[in-house]
Amino acid sequence: MTDLRQALDDYLRLRRSLGHQMAEAAYLLPDFVSFMDNGGEHTVTVAAALDWMKTRGPEVVTTVSPRRITAVRGFARYLSGIDPATEVPPLGLVPYNRRRGQVFLYSDADIAAIMAAAKETIPQPLRAATYHTLIGLLAASGLRIGEAIKLDRDDIDWTEGVLHIRESKFGKSRLVPLQDSAANALREYGTLRERLMPRPKNPAFFISLTAKRLIYACVHPVFRALVDTAGVGLDAPHRPRLHELRHTFAVRTLLHWYRAEDNVQARIPSLSTYMDTANRPAPTGTCRRPRNCSLWPPPAARAS
C-alpha cells in the first residue's frame with residue numbers, strides 16, 4: 001500500500017468518525033490516488049488534480065468536474081498537515097453555474113387523480129392500496145420517498161399520530177406529527193394489509209405482494225405509469241417526478257402561511273425541522289403539530 005493510499009484510508013476513517021458519510025469522496029478519491037501512483041506522483045498538487053479531472057471527464061465542464069475537484073480539495077487539506085508541499089486546489093478553480101430545472105408543482109386535482117389511478121388500474125387489492133396510501137402520505141407529509149418506504153410498523157405512534165423517521169438523509173432521526181385524517185388513512189391501510197397478508201415477517205409498514213419492503217427501483221416506474229394514466233403534467237416541460245411531491249408540500253405550506261399573514265420568516269425553521277432540509281444537529285423532542293401538515297386526502301380528492 002502506497003503512502004497516499006494509506007493516507008486516504010486514514011482520511012476517510014477520520015471524516016466518517018466525525019459523522020460525514022463521504023459516499024462521493026470514497027468513490028472518487030481511490031481513482032485519484034491510483035492516477036497519482038501510476039504517474040509516480042507522491043504529493044498532491046493543483047496541476048495533478050486538474051490532469052486527473054481532464055483524463056476522467058469530458059472536454060465540456062459538467063457538474064462532475066467541480067465535484068472531483070471538491071473531493072480532492074478536502075483530501076488535500078488533510079494532507080497539508082502531513083506534507084507541507086501539498087497544494088490545496090482553491091475554490092472556484094473549476095467554476096460551474098448549475099442551472100436548476102423547473103419544478104413541477106402538483107395541484108390537488110393532480111394528486112387526487114394519481115391516487116385514484118392507483119385504486120382503479122392496479123388489479124391486486126393490496127398493491128393498489130399500498131400505492132394509493134404511499135402517494136397520499138408523501139403528499140400530506142412531505143416525506144422523502146426513502147423515508148416512507150423505510151417506515152416500520154412499530155415506527156407509528158397511533159395514539160399521538162406521530163411517525164418516527166429513523167436515520168434519514170443526513171443520518172438523523174426525527175418525529176413527524178400528522179393530521180388525524182392522515183393517521184386514519186394509514187390505520188385503514190394497516191387494517192387492510194393485516195387482513196390480506198396477516199403479520200408478515202418483514203417489519204415494513206408498506207409491503208409488496210411478496211411480503212417484502214418496497215424498493216425505490218420498483219416504486220418509481222409504478223408512479224410514472226400512474227402519472228401517465230392520470231394524464232397529469234401533459235403540458236409540463238418534463239414528466240412529473242416522484243420527489244416533486246415533497247417540493248409541492250413545501251411550496252403549499254409557505255403559500256398557506258403567506259395567505260394567513262403569518263410571520264413566515266419566523267416559521268421557516270419549523271418547516272425545515274419538519275422536513276429535515278438542513279444538515280444540522282437534530283432537534284430534541286418533536287416539532288409541534290403545525291398547520292404545514294396537510295389534510296388527507298387533498299381537498300380535491302375529498303370533493304370527488
Side-chain angles (χ1 to χ4, degrees), residues 1-103 144-147 149-150 165-174 215-220 238 241-243 246-247 272 275-282:
M1 179 180 292
T2 64
D3 292 340
L4 270 182
R5 196 163 296 277
Q6 181 61 57
L8 174 59
D9 291 342
D10 295 341
Y11 167 68
L12 294 176
R13 188 180 306 110
L14 174 63
R15 294 297 302 275
R16 285 167 176 158
S17 70
L18 296 175
H20 301 277
Q21 295 184 358
M22 304 301 292
E24 189 165 64
Y27 169 74
L28 294 174
L29 289 178
D31 184 72
F32 172 67
V33 171
S34 296
F35 173 81
M36 295 284 290
D37 289 341
N38 294 336
E41 301 282 349
H42 303 290
T43 300
V44 175
T45 62
V46 173
L50 289 174
D51 289 342
W52 171 68
M53 182 199 73
K54 293 175 182 177
T55 58
R56 294 299 191 269
E59 291 296 328
V60 179
V61 176
T62 65
T63 57
V64 177
S65 301
R67 294 207 301 269
R68 291 182 187 277
I69 294 298
T70 298
V72 174
R73 183 182 300 114
F75 184 38
R77 285 173 177 166
Y78 169 80
L79 290 174
S80 63
I82 303 172
D83 181 5
T86 300
E87 297 178 3
V88 179
L91 292 172
L93 179 64
V94 183
Y96 178 77
N97 296 324
R98 182 179 180 182
R99 294 184 297 175
R100 294 183 178 273
Q102 184 176 354
V103 175
R144 300 180 179 91
I145 177 59
E147 295 171 343
I149 62 180
K150 194 177 179 181
I165 307 301
R166 304 177 187 274
E167 298 296 323
S168 63
K169 180 177 180 179
F170 300 119
K172 302 179 297 184
S173 298
R174 71 186 191 282
I215 58 176
Y216 179 78
C218 295
V219 173
H220 182 259
H238 64 264
R241 293 166 292 201
L242 183 57
H243 70 270
R246 178 172 164 87
H247 297 316
S272 178
M275 299 184 67
D276 186 31
T277 57
N279 192 359
R280 49 185 167 68

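Along the sequence shown, residues carry numbers from 1.
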| message | Would the distance check show the side chain of R174 and the main-chain N or O of I165 forming a donor-acceptor pair, the cut-off being under 3.5 Å? | response | no
| query | Between L29 and M22, is any pair of side-chain heavy atoms under 4.5 Å apart? | reply | no
| task | Please answer whether the main-chain N or O of D276 pairs with a side-chain N or O of R144 as donor and acceptor at a distance below 3.5 Å. | result | yes
| said: If I take atom CG from residue N38 and atom CH2 from residue W52, how far apart are they, to the nearest 0.5 angstrom? | reply: 13.5 Å
| query | Side chains of S34 and R5: do they bring a donor and an acceptor to under 3.5 Å? | reply | yes
| field | Min side-chain heavy-atom separation L14-D10 under 4.5 Å | value | no
| said: Measuring only between side-chain heavy atoms, which start at C-beta, is V219 closer than 4.5 Å to L242? | reply: yes
| remark: What one should report as the nearest heavy-atom pair of V44 and A76 is CG1-CB, 4.2 Å
| request: Over all heavy atoms of both residues, which pair between P89 and I69 is shortest? Give the atoms and the distance, please. | output: CB-CG2, 4.0 Å
| field | Parallel, tilted or perpendicular: rings of Y216 and H220 (30°, 60°) | value | tilted
| field | Pairwise side chain to side chain donor-acceptor pair (under 3.5 Å) hits with a residue in residues 39-51, at least two apart | value | T43-D83
| remark: In terms of heavy-atom contacts, R77 and V88 come closest through CG-CG1, 3.8 Å
| task | Give, for atom CZ of R246 and atom CE of M275, the distance between the pair rounded to the nearest 0.5 Å. | result | 4.0 Å
| message | Could you report the tightest heavy-atom contact between A71 and L28, atom names first, then the distance? | response | CB-CD1, 4.1 Å
| query | Hey, what do you get for CZ (R68) to CG (D31), rounding to the nearest 0.5 Å? | reply | 6.5 Å
| remark: Between F75 and Y11 the two heavy atoms that sit nearest each other are N-OH, 3.6 Å
| Taking atom CG of L93 and atom CG of L50, what is their separation to the nearest 0.5 Å? | 4.5 Å
| message | If I compare all heavy atoms of V72 with all of A49, which pair ends up nearest, and what's the gap? | response | CG1-CB, 3.9 Å
| request: Mind checking the CE-CZ spacing from M53 to F32? Nearest 0.5 Å is all I need. | output: 12.0 Å
